[in-house]
Amino acid sequence: MKKITKLAVCAIALMLVAGIVFAAGASETAASQSKLMVIITPSHDNPFFKTEADSAAAKAQALGYQTKVYVHDDDANKQSQYFDLAISDKASAIILDNAGADATIAAVKKAKDAGIPTFLIDREINATGIAVSQIVSNNYQGVQLVAEFWVEQMGEKGDYVELVGKESDTNAGVRSQSYHDVIDQYPGLKMVARQSANWSQPEAFQKMESIIQANPNLKGVICGNDTMAMGAMAALKAAGKSQVVVVGFDGSNDVRDSILADDIKATGLQPAARIAEMAVEQADKYIKTGSTGLPEKQLVDCVLITKDNASKLDNFAMAN
Amino acid sequence: MGHRVSLFFCILLVVFGVLGSSCTIKKHDETDQTKADNEIEIYFGNTGFDAKQYVNEIWADQVVPYIQEKAVPLDILMPALANEALDVSKKYGYRVGEEGTFYNFAVKGRVRIVEINQESRNGLMYVDASPYSGEKEYVLQIGPVFKGTSIRDILDFISLNDFENQVEFARLANEFNFKVRDEVLYDLSYENLLGSEVDIVAVFSFDPKNQMHVMTPVMISLVEEHGGKP
């Protein structure tokens, strides 16, 4: 009996903590009258996800919704708990950048069964008919553009290294696949090392240092994201090899500045801000009319960022 | 009751501490579990979807007839597109949704080959459309490496929703390009074609920023020559 009480208290504490830590900007009174949009993304440590959450929340508030913003840290269990909270808060809709293409299916279904529609942003899940919209950043297409540009810069030949993202992350696989579907068509390009740097800048720096020593003829580096590209570029500069052709992916302000300084050569911008707004607009339409009028899965193209257009890039959006 | 409350806050503190610290601990754990160098197996399995077979099944019966049907004469589409891009796009082009991707077009016409550039593996063929001026008016990619996804993207009967994820959908686009490489262009000997007239059906994605739109040929046939080349 005592154990059960403790467990119950623990559970309540957990929920409270969750509320305190993550319900930033949210009003705790889940009034049944005013409508609530729950926004769940990976950690805001990565500015990409912060931009997503901020853009979605701003758009939702502009449309008259209350918002609660949660962070699942790529943990499907945590994500599931926030879905439970959204259900008990009787949310009108959930905007989600998910924590796993397979692991997320159950959570989205749980919300659907409770009458709450989910709108996915950035990444898709491996099921259709459960979420209302999946507005997917076309990582494959974006990396293709980056890869094609990089191949040109390489003169279609030379030794190169690939830094892959976190292996458990869908996008690490998609991006690597896309790089290779382009690059492997050029027999003059030879991959001399392929390592995971787990999306991390310091890890990319450290791995790059030893790769440089082992491969004196290194001519290019392809990276699964921008933070790894920053790490790789720093290591190359420290080794006096700043002419090596480095490319990344995401479209961060750091890499924008590096491109403008002639270091990193290109990245692919995922229009994170616009995708988040689109999801909220579609959720609003769905809440009001029962339909978005659009197919569930929608691919949004990425934009190649090079020295030509980098100055227009700010916070994952292009100025017109 | 007071006992309960203090227990509650103790647990609150503990949970807070665990939650707060677990973020960093977790990241380090995962960092350390990286597999051996150069031994990353990160690709998707993508079992069960055979893009090549899918394309083979629909190419001749559905894809080519659809694009032929949709193709607009070059001399009608291209000047109009340059002037009133949005109206013309809505009339002749196709894309999914209202934003986020480019419109795709199919074109047809008789052209003369004025330059072939195969320095890059993404080989290009520049053509001049009638009335002939000798200028490079349009450009077609002739491989062996092809770029873009315009064949897939112009087909209104193919939807991302019918595929498990964007990788399957992407493979489909690649396979369409391979089909062009292997079956549309395979028997053309480019060196001998300079100055020749060809009838083309081609597709392209319309990026308003581009001066010239790289087209992907879906059909190319050499025009029977009457009285030799000019």
Side-chain angles (χ1 to χ4, degrees), chain A residues 5-6 9-10 12-14 16-18 20-21 43 45 73 75 101 124 126-128 135-136 138-141 144 148 151-152 156 164-168 170 172-174 176-178 180-182 185-187 193-198 200 203 271 274-275 278 294-301, chain B residues 4 7-16 18-20 22-23 26-27 30-31 33-46 96-102 119-122 143-149 153 159-167 169-171 173-174 205 207 209:
Chain A
T5 316
K6 265 190 187 168
V9 171
C10 195
I12 292 165
L14 241 174
L16 258 177
V17 169
I20 292 163
V21 176
S43 165
D45 289 352
D73 286 325
D75 176 344
E124 66 210 298
N126 287 333
T128 50
I135 307 172
V136 181
N138 198 342
N139 277 256
Y140 190 97
Q141 167 266 352
Q144 226 169 4
E148 285 165 357
V151 167
E152 274 176 43
E156 302 187 5
V164 186
K166 192 181 282 182
E167 287 176 77
S168 60
T170 308
V174 171
S176 181
Q177 182 79 59
S178 179
H180 283 284
D181 283 350
V182 173
Q185 297 184 83
Y186 296 86
R194 180 169 193 248
Q195 298 195 19
S196 173
N198 292 299
S200 150
E203 197 175 333
R274 184 64 200 130
I275 286 174
M278 284 167 74
L294 292 166
E296 177 185 335
K297 279 200 179 185
Q298 303 154 48
L299 276 179
V300 176
D301 282 350
Chain B
R4 279 272 167 88
L7 176 67
F8 175 87
F9 277 108
C10 279
I11 291 170
L12 191 80
L13 273 176
V14 169
V15 171
F16 206 120
V18 169
L19 262 186
S22 68
C23 297
K26 193 176 135 231
K27 275 180 187 163
E30 285 177 4
T31 301
Q33 284 165 9
T34 311
K35 287 181 191 165
D37 293 355
N38 301 327
E39 291 297 328
I40 299 165
E41 281 303 327
I42 201 168
Y43 291 137
F44 278 13
N46 269 83
V96 177
E98 296 295 311
E99 64 175 306
T101 59
F102 295 128
E119 268 171 44
S120 164
R121 280 179 66 76
N122 178 229
V145 174
F146 287 81
K147 297 180 180 177
T149 56
D153 294 344
S159 163
L160 174 65
N161 287 279
D162 301 331
F163 299 89
E164 190 166 293
N165 54 47
Q166 61 179 294
V167 174
F169 197 55
R171 288 202 163 153
N174 293 340
S205 303
D207 177 347
K209 290 194 297 295

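First the proteins, then the strands, lettered A, B, ... as listed; each starts at 1.
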**OP:** Step by step, work out the side chain to side chain contact (heavy atoms under 4.5 Å, CB included) result for Tyr140(A) and Asp181(A).
**Re:** CA-CA 10 Å; Tyr140(A) 190 97; Asp181(A) 283 350; 2.5 Å; yes
Subject >> From CA spacing to verdict: side-chain hydrogen bond (donor to acceptor under 3.5 Å, both in side chains), Thr149(B), Gln141(A) >> reply: CA-CA 9 Å; Thr149(B) 56; Gln141(A) 167 266 352; over 6 Å; no
Subject >> Pair Thr101(B)-Asp153(B), side chain to side chain contact (heavy atoms under 4.5 Å, CB included): steps then yes or no >> reply: CA-CA 10 Å; Thr101(B) 59; Asp153(B) 294 344; over 6 Å; no
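For the set Val96(B), Asn174(B), Asn122(B), the entry with the most heavy-atom pairs within less than 4.5 Å of chain A is Asn174(B). When Glu296(A), Glu148(A), Met278(A) are compared by the number of non-hydrogen pairs under 4.5 Å with chain B, Glu148(A) comes out ahead.
For chain B, the nearby parts of Leu299(A) are the backbone and the side chain; heavy atoms of each come within less than 4.5 Å. The contact between Ser120(B) and chain A is made by backbone and side chain atoms together, counting heavy-atom distances below 4.5 Å. Val145(B) touches chain A through backbone and side chain together, each having a heavy atom under 4.5 Å away. With a threshold of 4.5 angstrom between heavy atoms, Phe169(B) approaches chain A through side-chain atoms but not through N, CA, C or O. With a 4.5 angstrom heavy-atom cutoff, Asn161(B) touches chain A via backbone and side-chain atoms both.
Using a cutoff of 4.0 Å between basic side-chain nitrogens and carboxylate oxygens, Glu124(A) and Lys297(A) are scored as salt-bridged. Ion pairing between a basic and an acidic side chain is recognised when a charged N comes within 4.0 Å of a carboxylate O; Glu152(A) and Lys147(B) show such pairing.
Remark: Asp207(B) pairs with Lys209(B) by the salt bridge (Lys or Arg N to Asp or Glu O under 4.0 Å) rule, at least two apart or across chains.
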